[in-house]
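These notes are about the structure you will find just below.
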Amino acid sequence: MSSFDEMDAFEGASLSARAMAARPMPYLDELNPAQREAVERLDGPVLMLAGAGTGKTKALTARIAHLLTTARARPNEILSVTFTNKAAREMKTRVGRLLGQPAEGMPWLGTFHSICVKLLRRHAELVDLKSNFTILDTDDQLRLLKQLIQAANIDDKRWPARMLAGIIDDWKNRALTPAKVPAADAGAYNHKGIELYAQYQTRLRELNAVDFGDLLLHMVTIFQIHTDVLEQYQRWFRYILVDEYQDTNVAQYLWLRLLAGVHKNICCVGDDDQSIYGWRGAEVGNILRFEKDFPGAFVVRLEQNYRSTPHILAAASNVIRGNESRLGKELWTAAEDGEKVRLIGHWDGEEEARWIGEEIDAMQGGTRGVRPIGLDEIAILVRASHQMRAFEDRFLTIGLPYKVIGGPRFYERMEIRDAMAYFRLVVSPGDDLAFERIVNTPKRGLGDKAQQTIQMTARENGVSLVDGAQIAVDNGLIKGKGGKALRELIDGLARWNAMTRGPRIEVDDDVVIDDGAAPMRFGAPEISHIELAQIILDESGYTTHWQNEKTPEAPGRLENLKELVNQLDNFENLQGFLEHVSLVMDNEKEGDGVKVSIMTLHAAKGLEFPAVFLPGWEDGLFPSQRSMDESGLKGLEEERRLAYVGITRAEEVCTISFAANRRVFGQWQNSMPSRFIDELPEDHVEVLTPPGLYGGSQPAAGIETRAAEANVYNSPGWKRMQARQGQYGMAQPKESRNTVIDATAVASFTLGERVFHQKFGYGAVTGIEGDKVEVDFDKAGTKKVVAQYLSAKDDIPF
DNA sequence: TTCCGATATGTTTTT
DNA sequence: CATATCGGAA
């Protein structure tokens, strides 16, 4: 096992503590009294209750700077955990800026998960893993569970694998190994839950793999059992900082408490009012009982808000006041009054999207409000991601640039996962799950029967699937085309694997081992990992597979593969890349261009925008019915906190809206305005409805129903619906067509005409049926699309 | 074994 | 409505 001298070398500190000691502390001058207290109280437990927009990141980064400047700790002795990669990244840059140099030497600033991976790779053997274990994604996890479920003869229709995955996840969040699951949970998953959980863990170990929850669970287990290891780290991490403490689950909580147990130099920052991850196992209780866990804790409240106007703040405060269990904070601001929170009802979801689109146009043009607001200063925050569609559709039609944050993720796409499975298999031939994924992708004529043969052979010989396949082929168990193809695959894998290394060389014993992997006994590879990746994809036939595919999305997939290979440029080798991807599933592109942001309320936490739209405030959608069904009052309170988070994202203008009708599952459904609307303080809200139909100021209780009714029949959306009956597809002279297609400006197309579509690109019209046009897209193949979405080739909106 | 069409099924939120 | 899965036919 490792000594700590080694650890020092392992992480390397580029900032010298001594060099910092004499440095001035300019960052302190920028803090208000409360922040300053939180920063200067370096020793002992500190709880920073930081309301929305009160400068908590500022305080946190200043605290790190202060720890370094006062030479309390070296950069690599500070453990600083966040929940998201985004937050970790931001802290890194901000600390760097405060200190006037890059914060490269802060190896332990990261997410819970990334830090745990690092630790677990060093101590893998303590939980019967090898340090090069793979981290499974949800897909692999589910496939594995399905196998176990089938083996146990359980009807996975009645008891879906997803459900079991959820249950296991939940246990892991609570730091429960199979042996520790309480009897009360014995009934889970048709009384088979615990048993299957145990089997699953065994299987993971056999595969030398972990899932996401394991990262923490294993580390907690190690710390609990191997006190010597724990003690090392207790000494090593002299100071601990935790961001978003209200979101910690039991496992994370235990992990922290173990590490901070001796010196208790732990500073937790959080806001109980922003706890919105209860469904993922987060325990608000952790923050509520901090003072009990750490007696004598210094508690400081940050209550001065620097983000929002008083109206917005008042609205948020009044909503959150509806919650019973909270520590209680009152935000205040020195800012000028500004606009009231705006509330408007719509006939349906499309109308809501249309209206918001127009508002955004008005905001930019400066025809509304005190100043023009840029597109990148505007966000639309929805409760559930399916709400995004209406906005995407609408913005596409009117040519309004937008970006979806946290949308369909790059690394979750099928072709990317396939490609990654190939990479995984090349890097570690024992990765059976990866093998299963790609044996018959592209089709190699290896169906169920052949795959069973491979499985059996592997099991009989106690080897990995790749080796099993090798044996099966050698013994002629798999004949014909499939056998030949399989042989090619196996040979290919071996060949590619050899390419990851250079020629064998001798090493000195004192070479520093920096990644916990096997000592380097090989020279530099002869080809770069980027070339190798390309070779793998080409020689395996995977690229060809998509080239031959005639489906509309094939070209896009090829593009994605190209992008994947490009991304490799940022990494040293394939291993490094695979590790990165399993930890940060988000592709942090999208940064370019001035665009409106569309995202879920969850994704919006920690962000702020001058103008925020909060659509879909309807009972059942928000607060979500499911949340209330599953967790009752607790669920409702979490939804309310979500509302609070939403409102407090706004700096200048906050617009809340709801629709009377919405299409769900293709079925029209009508709903009541959200109960949270009743909780908005009347004095701080302006109801936007035609004045004639909504007379004077009324009690708040009546606002929403009136607004809804008032808007139904005279809304532009209603008129538009009536106006548009049967108007599409009518031939019109080309000259009369509008460039930007609006509901009122009906487009027409002729056969063979070149057209442009926002999602599918350029193409030619091959058929017209009513309001639908069939287009043969250059890249996306033939598709039927609604005429509205198309524009003539030469006048592309934006 | 693969491919196609029919049918059933689901929608929170994510490291 | 859109996708995912399943069963049957080539």
Side-chain angles (χ1 to χ4, degrees), chain A residues 81-88 110-117 135-138 141-142 146 156-157 160-163 165-166 169 172-173 211-216 243-244 247-249 251-252 275-282 349 381-390 393 405-409 411-412 414 439-451 478 480-482 485 549-551 553 581-586 599-605 616 620-631 635 638-639 641-643 645-646 662-669 786:
Chain A
V81 277
T82 62
F83 273 84
T84 64
N85 296 296
K86 202 173 60 191
T111 63
F112 276 102
H113 298 274
S114 66
I115 289 172
C116 280
V117 173
I135 303 166
L136 299 193
D137 59 31
T138 335
Q141 205 185 103
L142 238 41
K146 265 191 193 136
D156 67 343
K157 272 280 189 315
R162 296 193 64 88
M163 182 191 209
D169 226 45
K172 289 188 176 176
N173 286 337
D211 65 19
F212 246 75
D214 280 337
L215 295 175
L216 269 139
D243 193 14
E244 307 281 16
D247 288 335
T248 50
N249 61 33
Q252 289 157 341
S275 162
I276 54 176
Y277 284 105
W279 51 273
R280 203 172 73 186
L381 311 182
V382 297
R383 173 70 245 271
S385 46
H386 64 82
Q387 289 173 261
M388 293 179 181
R389 178 113 139 249
D393 283 356
I405 311 274
R409 295 161 190 219
Y411 295 116
E412 277 173 10
M414 183 206 320
V439 239
N440 205 28
T441 318
K443 301 271 183 287
R444 296 191 170 88
L446 297 161
D448 283 350
K449 222 184 89 211
Q451 292 189 39
I478 296 168
K481 233 170 53 189
E549 185 84 34
K550 287 286 174 278
T551 52
E553 51 272 2
V581 170
S582 51
L583 287 175
V584 302
M585 294 291 285
D586 60 334
M599 68 187 98
T600 63
L601 286 163
H602 285 87
K605 190 157 76 144
L621 178 61
F622 188 40
S624 132
Q625 192 56 51
R626 186 159 160 183
S627 176
M628 293 186 295
D629 288 347
E630 280 173 8
S631 320
E638 181 150 317
E639 296 286 309
R641 290 193 289 269
L642 214 38
V645 167
R662 208 172 274 281
R663 217 181 357 211
V664 184
F665 292 140
Q667 219 70 48
W668 283 99
Q669 250 188 312
V786 179

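Labels below follow one simple rule: chain letters A, B, ... track the order of the sequence lines, proteins then strands, and each chain is numbered from 1. As a basis for the values below, the full set of heavy atoms in this structure was taken, side chains included, without hydrogen atoms, waters or symmetry mates.
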Quickly work out the [X] [atom1] to [N] [atom2] distance and round it to whole Å.
| X | N | atom1 | atom2 | result |
| --- | --- | --- | --- | --- |
| A/Leu642 | B/dT13 | CG | P | 11 Å |
| A/Trp668 | C/dC1 | CH2 | C1' | 12 Å |
| A/Gln625 | B/dT13 | CD | P | 16 Å |
| A/Gln387 | B/dT13 | CD | C1' | 11 Å |
| A/Glu638 | B/dT13 | CD | C1' | 9 Å |
| A/Phe112 | B/dT14 | CZ | C1' | 15 Å |
| A/Met388 | C/dC1 | CE | P | 21 Å |
| A/His113 | B/dT14 | NE2 | C1' | 9 Å |

Single hit among A/Thr248, A/Thr111, A/Asp243 for side chain to side chain contact (heavy atoms under 4.5 Å, CB included) with A/Phe83
A/Thr248

Please check the phosphate of [N] (OP1 and OP2 only) for any side-chain N or O of [X] closer than 4.0 Å.
| X | N | result |
| --- | --- | --- |
| A/Thr600 | B/dT14 | yes |
| A/Asn440 | B/dT2 | yes |
| A/Arg389 | C/dC1 | no |

If you take all heavy atoms of [X] and [Y], which pair is closest and at what distance?
| X | Y | value |
| --- | --- | --- |
| A/Lys86 | A/Ala603 | NZ-O, 3.9 Å |
| A/Phe212 | A/Leu136 | CD1-O, 4.4 Å |
| A/Gly349 | A/Arg662 | CA-NH1, 4.0 Å |
| A/Ala88 | A/Gly110 | CB-CA, 4.0 Å |
| A/Thr600 | A/Met388 | N-CE, 3.6 Å |
| A/Lys146 | A/Ala161 | CG-CB, 3.8 Å |

[options]: which one has an atom nearest the side-chain heavy atoms of [X]?
| X | options | answer |
| --- | --- | --- |
| A/Thr111 | B/dT13, B/dT15, C/dC1 | B/dT15 |
| A/Ala450 | B/dT1, C/dC1, B/dT15 | B/dT1 |
| A/Phe212 | C/dC1, B/dT1, B/dT15 | B/dT15 |
| A/Ser385 | B/dT15, B/dT13, B/dT1 | B/dT13 |
| A/Lys443 | B/dT13, B/dT2, B/dT15 | B/dT2 |

Of A/Ala603 and A/Arg444, the one whose closest DNA chain B nucleotide lies more 5'
A/Arg444

So which one's nearest nucleotide on DNA chain B is more toward 5', A/Tyr277 or A/Lys449?
A/Lys449

Within the sub-3.5 Å range, which N or O atoms of nucleotides 3-10 of chain C have a protein N or O partner, and how far apart are they?
none

Would a distance-only check, ignoring hydrogens and angles, find a side-chain to backbone donor-acceptor pair under 3.5 Å from A/Glu244 to A/Thr82?
no

Per-pair stack call A/Phe83 and B/dT15, 5.5 Å, 30°:
no

Counting the atoms with a prime plus P, OP1 and OP2 as sugar-phosphate, which does A/Phe622 contact under 4.0 Å by heavy atoms, base, sugar-phosphate, or nothing?
nothing

Sugar-phosphate, base or nothing in reach of A/Gln451, heavy atoms under 4.0 Å
nothing

Roughly how many Å apart are C/dA4 and B/dT13, using the C1' atom of each and rounding to a whole number?
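The answer is 22 Å between these two C1' atoms.
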
